[in-house]
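Note on naming: letters A, B, ... go to the chains in the order of the sequence lines (proteins, then strands), and numbering restarts at 1 for each one.
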Amino acid sequence: MAPHLAHTQWSHRRRLGSRRLGYRTGAIAVSTVLGFTGTLVPAEGAMAAGSHGGVPTANNKITGQIQFSWWGDTARDNITYDVIKLFEKAYPGVTVSPEPTANYNNYWQQLTVEAAAHDVPCVVTTQNTYLANYEKPTILLPLNSLVKSGTINTSKISQSIITGGSRDGTIYMIGTGAASNALVYNSTMAHKYGIPPLTNNMDWSQFRSWAEGAAKKLPSGVNALDLTTEYASLVFLYSWVRDNNYPFYVKSGTGYKLGFPEKSLANYWNFWQSLTKSGATNTPAQAAEEPTTSGDDYLAQGKVLAGDDTANLLADQTTLDSNGLGTVKDVLPPGTAWAKGQFAVSHGLGIDVSGMSIGADCKYMPAAAAFVNFWTNNAAATKVYDSNNGAVTNSLDLQAQLRSPKNPEPIRTSLTFFSHLFKDKTPINFDPSGYSTVVTDFQTTTQAVQFGKANIPAEARLFFKEANAALSGR
Amino acid sequence: MSAIVMQRERDTEHRSTIRPSHRRSDRRAVLAFLAPWTVGLILLTLGPLAFSLYLSFTHYNLFSAPRWAGLSNYGSMFRDPSFFASARVTATYVGISVPCVLGGALAVALLLNGKLRGLAFYRTLFYIPTLLGSTVAIAFVWTEVFSSSGVVNRVLSLVGITGPAWLGDPSTALYTLITLNVWTFGTVMVIFLAGLRQIPRPLYEAAQVDGAGRLSVFRNITFPMLSPVVFFNGILTAITAFQSFTPAYIISSGTGGPVQSTLLYSLYLYQQGFVQYNMGYAAALAWFMLAVIAGLTAVAFATARFWVHYGDQ
């Protein structure tokens, strides 16, 4: 698989509708790899975590009113307001107008309309999955000159993160937080019913055995797997495709197309159909009406043993805690090989990066650049924001968080994982334009298969036809 | 010479005595008063309408300038399985919910038209769902009420019935939406009630004298006299149903699922425009819907003379 096509299942799952995805990349991100980082070597040497970075000295000369937009829940809103206050204190001539959007999908829809109207906020939160749509100098400001001049200091950020926010050498996004996907399960429930814990490096057949074995031990009303999250999301399809040694996308003319054969998708659907038939999953109808609110899904309610819902991990855990229903852990998705002893991501695991961009029509570019630089480099700001939207990409701040006693061991383990990813310059890249259509079409066709309303090869053909048309860029 | 003619002559004489500068001044005043409305009409209604029509002949993804595409968006519709799915869902939705809304509203209006104690209370009671029905909050409540473990299934379980996953099952999800729509018949009912009050009492008294039964009275007096109101309500209810969006959006989380069973046309239009960024295609879908609604309305008007009875006819 071409490295530049590495994908980010984390965000794909989130994109799968406001069903569950929406708005919580949050602190959860850092815990997405809990459980499979235990063998990693200790973090790189301790570094100073005090004040650092390139906050301009002549702060008072920078003035203006900038808008800053982001997605997220109330908790994220609150810490973002705190960072804004810190910035306004450091830059008394600048006022920041906050523009939060709770729902992840709505955020992109709103940004799209703003882009069409040439009214993109001065500073926008972006993500590699959607960046392809906005990577135009008329929409987002190319940041190369600001980075080169040190106005935005990226010296503590991995080059792979910067490359992930670039297209053809033009930097459109400064990555501030990285996240990954995982398979989440209720370890307490597994233990209670004598089900072996999930492990890393499972292949699909081991995964099937585990799920079918678990289904036999679970009480009535509790299913081993949740169809909504595993089956109808692209998360596991990515792992499946990569496990079959295919790239998910390949270049085609001026755009892209799906890089794997229809047969591969048909086999994937058949695999899940057989799991459903064996009783290892809930029913399609149950999956279709799964609550969409954070912390209300079946994993949180204790109605399923496992899901891939890492985006809602913390919210799920909160609900589980309040009902005494156990503790969730996460491992690598099935079919995802982990190169032992190396920290480069092997096939099957995607890294997703959220970051900051500057609107092309921003009237107060110096203020916007100062804000991005402040957010990226100011230790106090990072301390407040923590790794709320993915593991912080600034290596000094990451090390500081690794040492912080306020972070529990699982979080520190997860952060260690990312510190190695950053160090190894693991490639992080764009999803092609047309990605949102791929997600929608996949969900629609998968549901048709789930409910037995479609012939699998025909539905795979339909998905390929529609997805490829959207990806072609025509 | 009649008084009217004399008055006209006096007016003409008066107008001729008004100085041209006054006339110009009056004209300016008229234009000034009309200007805000005219500007609003052009900028907020006609302008977007014309632009939308233009977009329907282009490929426009919101990120790049529109590219002229001729009639290709309109042609694409007829090769798009989701278009047909949404048209089918919408036809079912309109075809079932409009008669149910009209029938239900008329039945309740007939009941409330009698001499009933606490009439105002009942009128309010039946109208409340209309105030709430199309809101996001009620759509959320509806989702809970009709979930597998919701109120409806709990009630059914009391009598030994295991209810389905109303919203999770493609065969029942749309009917749940239809029920939500029918539940909000309050406005239609109030209009029917007003219409019923306008029917002259002597007609009923004469029928009573002639010994006409209730059904006969309804068929020969109430319905014919109420037919203009039925016609009006029918047109408006149908147009509203064609444009229904919010409940389907909330209940299906914007997907139109399960398996496109709640993919109402306007939801599909929204998906094309704002999720898949095919704004040109979405505009074509919108104009196609407008054409269909206009066509059906024209048919309704053409057939109205056979069953709608106005007082002066």
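Taking CD of A:Q301 as the reference point, atom OG of B:S149 lies at 7.5 Å (rounded to 0.5 Å). Put simply, OG1 on A:T138 and CZ on B:F63 are 10.5 Å apart, with the number rounded to the nearest 0.5 Å. Taking CD of A:Q447 as the reference point, atom OG of B:S261 lies at 8.0 Å (rounded to 0.5 Å). Here the straight-line distance linking atom CD of A:Q286 with atom OG of B:S148 works out to 6.0 Å at 0.5 Å rounding. Here the straight-line distance linking atom CG of B:L62 with atom CD1 of A:I139 works out to 9.5 Å at 0.5 Å rounding. Atom CD in B:Q271 sits 7.0 Å away from atom OG1 in A:T444 (nearest 0.5 Å).
For the residue pair B:Y270 / A:Q109, a side-chain donor-acceptor distance below 3.5 Å is found, with atom types taken as modelled.
Across all non-hydrogen atoms, the minimal contact from B:G168 to A:A288 is O-CB, 3.5 Å. Smallest separation of non-hydrogen atoms from B:Y249 and A:N106: OH-OD1, 3.6 Å. A pairwise comparison of heavy atoms in A:N133 and B:Y277 identifies ND2-CE1, 3.4 Å as the closest pair.
Shown here is A:K257, whose NZ atom has no more than 12 heavy atoms of other residues, nucleotides or ligands within 6.0 Å. Shown here is B:W37, whose CH2 atom has no more than 12 heavy atoms of other residues, nucleotides or ligands within 6.0 Å.
Annotation: side chain of B:V275 is in contact with side chain of A:T440 (closest heavy-atom distance under 4.5 Å). Between A:E466 and B:P81, the closest side-chain pair of non-hydrogen atoms falls below 4.5 Å. Counting heavy atoms from C-beta outward, B:F274 and A:V113 have side chains that approach closer than 4.5 Å.
With A:S436 contributing its side chain and B:Q276 its backbone, the two residues share no donor-acceptor pair below 3.5 Å.
With respect to chain A, the highest number of heavy-atom pairs below 4.5 Å among B:P164, B:S64, B:S147, B:G273 belongs to B:S147. With chain A as partner, the option from B:A165, B:P170, B:G257 having the largest number of non-hydrogen pairs under 4.5 angstrom is B:P170.
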